[in-house]
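See structure below.
Being a predicted model, the structure only gives us computed values, none of them experimental.
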Amino acid sequence: MMKRTLAALLAITTCPASLALATEKPIETTEQTVVLFGEKPADPVAAQIDSQIEINHILDRMHEVTLGPLDQYADQDLADAIDMAVNSIPQTADFLAKRDNAALVAFYQERSYRPAWFNNGEWTFKARRLIFNMARADRDGLDPTDYKTPSLAISRENGASAKAIAEADIALSLAVTRYTRHAYAGRVDPRIFSKKEITIKPHYPDSIGALNRIVKADRPVKVMRSYNPHQKGFLALRTEYNRLRAQSASDDTPPIGDGKSLRVGMRDERVPLLRRKLGLAAAADEASGTLYDKQLAAAVEKYQADNGLIADGVVGKATLSILNDNRKDLMADMVANMERWRWLPRDLGDFYVMVNIPTYTLQVVSKGKTIHQTRVVVGQKSHKTPLFSDEMEYLVVNPYWNVPRSIASKELLPKIKADPAAFFSNADYQVLASIKGRTQVIDPYKLDWNRVEADMVRLRQTPGTGNALGNIKFMFPNQHSVYLHDTPSKSLFNRDYRAFSHGCVRVNNPFDFADVILKATSSWNAERIKAMIGSSERRVNLEKKIPVHLAYFTTWMSDEGTLQLRSDIYGHNKAVKAALGL
């Protein structure tokens, strides 16, 4: 009896002809409405809504009958197969693989080992969408081959065993887990590089929570992709990356070869090809064909300005990269920079300081908008400014410069040993040593400097106009002893290349920077700070700690929407590309 009732109901909900037979009178179909049980409501829209509600009620009752306890027992073979497969995952020493596997075990335990992506032995629509989109992971700067998704042909209808379906369900869960981890924390662990240069700890997502969110989501692909960074810089770079990928190369001229940067007055065999690239006519005669003249430089400047480059008329590496439309190298650079966005904390802060080393700039960002920007000097190639995030806690006015041991040993101690009297008479340095457990200032002239080693004493420079830190420093205590500070060497800020420090970041117009910092965090301002300048060190605590991010982006989008390229001064971009296999 139940089977007949179900069959009748099914016919009513799926076949107009059957519906007509169930009524006492013929049904008029002049309007596109769904009519149940021979009734024709006056309002077609209301009828359609009421009919759909009734259909849903019928389908719900059918679902209760067809997916009741008996069918649950019928699907127990899938749960048993998943249970066996999940709890038989091989042990591994790899931390990330172990982490992913642990998430799978917990995820399926919470589900009582029910399939996540199959319904009645068939792939769900959500699963199909996820598999399709993971094959397109390259649009997020990821590698689709990292996500081994199972075949969509696996199904009960096609004769797949419970074991095969269980393994496919787990494989998709593993692919989703790996994608969300890569999207969130990156494919490259920053700790594989020099610990002196990069001390960023990966911040992994809650993988169990990610699986649960995605399996329950109405739009699972949107939720999965939301594990990519949300910062404006990442999103803009990803958009440009996909725009360039969609373009076809239209330049049929051969690439311009590498060489010295082209400047006005130089002769170079690459000049004729450069003219072709810019759409200029060939030179009037052979003698001037290789001359890089002012007219050509003006065309280069316009091209540079249009493409977001420094419009200096000098054809260097960045300009050549764009001119040659070397898409492979450029795209690889963009992927490497997207990877480094994933290294940053997901929440940069409502108010934070960002130093981008390759551009030699410092920005203060408030609620997503840059409210202050200035030039900085960063570490030399031999004393790289490290990459990490921390929090600024206080400012120091009239700071002592506590000379790092490496600088004291390699640079200052040889000068002292050569002529102690000359060194200490011309420089405002003090010598400190531990005597009977107490650090004390000692008379440098009483030491036999030929027998002194760097680990026996500590050198510090007293506050004053000649102090290497200038009048103020901004402290975010860290393992590198790196901070932001003033400098007496102001002329370096006028140079394009500004990697001259021993690792700390020198700030141009530091009191303007201090004013922005203090106004946002306390009752202090730059005028009060300047009034403190003198011979004694003074500390000003911030009422609220400020996130500071020392970052490294060689490729990004300007606010005007143009792609920006800068030199890879430390080689970090090259190292990341190599680690990614690009």
Side-chain angles (χ1 to χ4, degrees), residues 92-101 130-150 171-172 174-195 197-205 207 224-225 227-229 233-234 237-247 249 255 258 317-318 320-322 324-344 358 384 387 551-556 563 565-582:
T92 175
D94 182 85
F95 168 75
L96 294 177
K98 187 183 297 185
R99 188 181 186 278
D100 291 347
N101 292 343
L130 289 169
I131 290 173
F132 173 74
N133 278 276
M134 271 187 279
R136 303 168 63 206
D138 49 351
R139 61 181 172 162
D140 292 323
L142 302 174
D143 185 353
T145 62
D146 284 338
Y147 317 111
K148 294 178 172 54
T149 54
L172 180 53
L174 180 59
V176 170
T177 299
R178 198 170 189 189
Y179 174 95
T180 53
R181 172 166 59 79
H182 285 174
Y184 196 87
R187 289 183 283 161
V188 176
D189 187 335
R191 294 174 297 185
I192 68 173
F193 304 106
S194 169
K195 293 181 180 179
E197 300 172 5
I198 302 175
T199 53
I200 299 171
K201 293 181 180 179
H203 41 280
Y204 298 115
S207 295
M224 183 178 72
R225 293 188 72 198
Y227 281 83
N228 286 287
F234 173 86
L237 187 59
R238 183 176 68 178
T239 298
E240 180 68 6
Y241 170 72
N242 284 295
R243 186 187 73 80
L244 292 176
R245 285 202 314 145
Q247 287 183 349
D258 293 331
K317 183 178 179 180
L320 282 179
S321 177
I322 300 295
N324 285 332
D325 193 23
N326 193 340
R327 206 159 300 233
K328 180 179 179 182
D329 289 344
L330 180 57
M331 305 297 277
D333 285 340
M334 296 173 81
V335 169
N337 278 270
M338 282 192 277
E339 179 75 7
R340 287 194 296 280
W341 270 109
R342 296 183 169 98
W343 293 359
L344 288 173
K384 298 181 178 71
L387 310 186
Y552 194 93
F553 295 115
T554 58
T555 306
W556 76 101
L563 184 65
L565 305 174
R566 294 296 185 272
S567 296
D568 184 14
I569 59 174
Y570 291 166
H572 290 332
N573 203 57
K574 181 179 179 181
V576 172
K577 287 194 294 184
L580 290 171
L582 300 174

Do you know the tightest heavy-atom contact between [X] and [Y]?
X: A579; Y: V188; answer: CB-CG2, 3.8 Å
X: A575; Y: F193; answer: CB-CE2, 3.6 Å
X: N337; Y: T555; answer: OD1-N, 3.2 Å
X: R139; Y: Y241; answer: O-CD2, 4.3 Å
X: P202; Y: R191; answer: CD-NE, 3.5 Å
X: W343; Y: V576; answer: CH2-CG2, 3.8 Å

Exercise for the section: Taking the six-membered ring for Trp and the single ring otherwise, decide whether the centroids of Y227 and H182 are under 6.0 Å apart. Expected result: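 No, too far apart.
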Practice task
Kindly say whether R342 contributes a backbone atom to a donor-acceptor pair with the side chain of H203 at under 3.5 angstrom?
Solution key: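 Between the backbone of R342 and the side chain of H203 there is a qualifying donor-acceptor contact (under 3.5 Å).
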Handout entry: Side chain D568, main chain K574, donor-acceptor under 3.5 Å
Key =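 It does hold such a pair.
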Exercise for the section: Please lay out, stage by stage, how T92 and D94 fare under the test side-chain hydrogen bond (donor to acceptor under 3.5 Å, both in side chains). Expected result: CA-CA 5 Å; T92 175; D94 182 85; 5.4 Å; no
Practice task
May I ask you to decide whether R178 forms a salt bridge with D100, counting only side-chain N to carboxylate O separations under 4.0 Å?
Solution key: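 Between D100 and R178 there is no salt bridge, as every charged N stays at least 4.0 Å from the carboxylate O atoms.
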Problem - Min side-chain heavy-atom separation M134-L172 under 4.5 Å - result: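 Side chain of M134 against side chain of L172, heavy atoms only: contact under 4.5 Å found.
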Problem - Flag for S207-R99: side-chain donor and acceptor within less than 3.5 Å - result: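 The criterion, which ignores hydrogens and geometry beyond distance, is satisfied for S207 and R99.
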Practice task
Rounded to the nearest 0.5 Å, what's the gap from CG on L142 to CG on N228? Could you check?
Solution key: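 The CG atom of N228 is 6.0 Å from CG of L142, to the nearest 0.5 Å.
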